[in-house]
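The structure under discussion appears below in the form of structure tokens.
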There are 2 protein chains.
Amino acid sequence: MARHAQVSLRTVNNVVSGYQHVSEAMRRKVHQAMEELDYRPNPIARTLRTGRTGVLALVVPEIDVPYFAELAREVINAAAGIGYRVIVDQTGHDHDRERRLLTGADRTMLFDGLLFSPLVTPAELQEMQDSPVVPLVLLGEHDFDGRYDHVAIDNEQAAFDAVSHLVAIGRRRIAAIGVQPQESYATPQQRTAGFQRALGDAGLPMEARYLQAAPHYRRAAGYAAAQELLALPEPPDAIFCYADLLAMGAVRAVFDAGLRVPDDVAVIGIDDIEEGRYSRPTLSTVSLDTPQIALEAVRRVASRIDEPGQPALQITAAHSVLVRESTGGA
Amino acid sequence: MARHAQVSLRTVNNVVSGYQHVSEAMRRKVHQAMEELDYRPNPIARTLRTGRTGVLALVVPEIDVPYFAELAREVINAAAGIGYRVIVDQTGHDHDRERRLLTGADRTMLFDGLLFSPLVTPAELQEMQDSPVVPLVLLGEHDFDGRYDHVAIDNEQAAFDAVSHLVAIGRRRIAAIGVQPQESYATPQQRTAGFQRALGDAGLPMEARYLQAAPHYRRAAGYAAAQELLALPEPPDAIFCYADLLAMGAVRAVFDAGLRVPDDVAVIGIDDIEEGRYSRPTLSTVSLDTPQIALEAVRRVASRIDEPGQPALQITAAHSVLVRESTGGA
DNA sequence: TTGTAAGCGTTATCAC
DNA sequence: GTGATAACGCTTACAA
């Protein structure tokens, strides 16, 4: 043991772990010895003993989707603030991968808690026989079933607010991009519900032809879906996209079709990614307060790590419509 | 020990680690026992014993800068391909944080190798007394000094190519955005050198007023810098940005000034982020083959982990100019 | 207040 | 081919 350099063993640990009752002389002596030997406690050994790695895992579909990147940024910062590091994993769009991660069937689980932004719904999760083996907080879902912690906005209401804004500026042929071919995803379902409610409140019908699916939430999908909409005999005069990135693609498609945003087609998204604050036109959107979401989520896992059997909590973050150029705002 | 369920100990390990000489009967027996007891090898204990965590660390300034997000995506995928997971850390713009990470002064080093996209230059690194304690590959730097592995493009040449393109389309008052107030950063220096060489080859002078600093490489910095340039008595007719994100801000600033891109001011960046393929106008840029960079880098650390004392290698990735709308391309 | 000893769950060395 | 046994480097009762 490198530590015997000067004194004894237990004392070293007391000093390192900041124990109260250590004589000042001892403390100094130990610190000096640590300097001289360039000694560093081995985190792995500590982990083996304590069962804590000090690592949280953040799982998102794709890290290079700006919203997830921004989320990751906030999560990493929030985690660092309370002494955790963050491992980032991508599921692609692989459901099996998600399940494996959740059930811990993935052998390499060296983290204390999991922040999970899933595609599979809690309903699907429920079918899994094995309950999660690690403290878990779900992000972006809002199908609360009392089993897992959730941190999310009110998706249905957010969609409602966005579409209501389109109605308010006089649009009548309102389309939506982002419905998922897989019925099982909760978030798009909720947004569709909000879309429908807003149309209903405005006395407008929800027409199937105005409902465009998106296999994934990237620009290319938004572009393709918008093309479909614009090719309709009676194209929409407004498009509500379930994600800003879809909206960026949709805007480009509108211009490529020789039309203008917002004059011919107004576009609004959800997420408030930075890109939309500089694009031409700037993008109207629903802002999510991602820092708050990240902070709440990190706090929540941390708390669950420290005290396991807590009842599941549902935390709803604030959202607000931001009117920008793409819907005729300043 | 859960393992005693059926047989003995050593055998279990042999089976788990896929040892050659185990009777088929034994193997089956063990596997069955593992099923029944839902046994999972503890990765931490394994790590303590083997010294391998199976984790790589990727350190970038900010994960929500699209280029780094795209890099992270590729790194995570490449790492997964050879059995590594990735921890992502952000340095913000904190040099001390970078140094701590590199010297291992950061106690919580639970990774086998480090992929580091630094702000500090190798020159600065050199001054650090402690050599890095962990296999290290530098990304995006190109000031090779024979001590660390590097994976990067030829920054000087990339800048030269970009600016030469601006010259080729007839621009004469060419400005640059991205010089760093801190002289010590290598990448911007190299890009400035390439900028200067291209101007020189075209018989154009490099004027100090056309050289704009950017405190960071985000949209806001590009926007502010472009505003400065456009306010000059003789504003530039082209802007070379050291990063696409700067270019996105610059483009917006040009339009907000009532001018057009590329008609009045052509803009080109570096990075080829996806955003630039959908923006209006689409952004001319220098493409970096990020997947290749990520793959090379991951392979390189992995190799260094397996066989430490290897001489430092310099890997130069390909780059190519992509002409899009922002410089008058199709 | 400080020292001693046991054990976290692996892997690896050694005989059998 | 398989079974004991000793580390890996730390934390933590427990004893002094």
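In what follows, chains are A, B, ... by sequence order, proteins preceding strands, each numbered from 1. Treat the numbers as computed from the prediction; the structure is a model and nothing was measured.
The existence of a salt bridge linking B/Asp64 and B/Arg218 is confirmed by a sub-4.0 Å separation between a basic side-chain nitrogen and an acidic carboxylate oxygen. A salt bridge links B/Asp306 with B/Arg52: the distance from a Lys NZ or Arg NE/NH1/NH2 to an Asp or Glu carboxylate oxygen falls below 4.0 Å.
To the nearest 0.5 angstrom, A/Thr316 atom OG1 is 10.0 Å from A/Leu313 atom CG. With rounding to the nearest 0.5 angstrom, the CG atom of B/Leu139 is 5.5 Å from the CG atom of B/Leu115.
A/Asn13 has a side-chain polar atom (N or O) that falls below the 4.0 Å cut-off from OP1 or OP2 of D/dT11. Residue B/Thr50 has no polar side-chain atom (N or O) positioned under 4.0 Å from OP1 or OP2 of C/dT10. For A/Thr11 and C/dT1, the shortest distance from a side-chain N or O to OP1 or OP2 is not below 4.0 Å.
The CZ-P distance, from A/Arg40 to D/dC10, rounds to 12 Å in whole Å. At whole-Å resolution of the value, CZ in A/Arg10 and C1' in D/dT12 are 7 Å apart. Note: CG (B/Asn14) to C1' (C/dC14) measures 14 Å, nearest angstrom. The distance from atom CG of A/Leu110 to atom C1' of C/dC8 is 16 Å, rounded to the nearest whole Å. As a whole-Å value, the separation of A/Arg52 CZ from D/dG9 P is 24 Å. Nucleotide C/dT2 holds its C1' atom 13 Å from the CZ atom of A/Arg27, rounded to whole Å. In this structure, CG of A/Asn42 is placed 7 Å from C1' of D/dC10, rounded to the nearest angstrom.
Closest to the side chain of A/Ser23, from the set D/dT12, C/dG9, C/dT1, is C/dT1.
The 5' end of DNA chain D is approached more closely, in terms of each residue's nearest nucleotide, by B/Met26 than by the other of B/Met26 and A/Leu48.
For A/Arg49 against D/dT11, a side-chain N or O and a base N or O form a donor-acceptor pair under 3.5 Å. Donor-acceptor pairing under 3.5 Å, judged by distance alone, is absent between the side chain of B/Arg46 and the base of C/dT10.
Other residues, nucleotides and ligands place more than 12 heavy atoms under 6.0 Å from the CD atom of A/Glu24.
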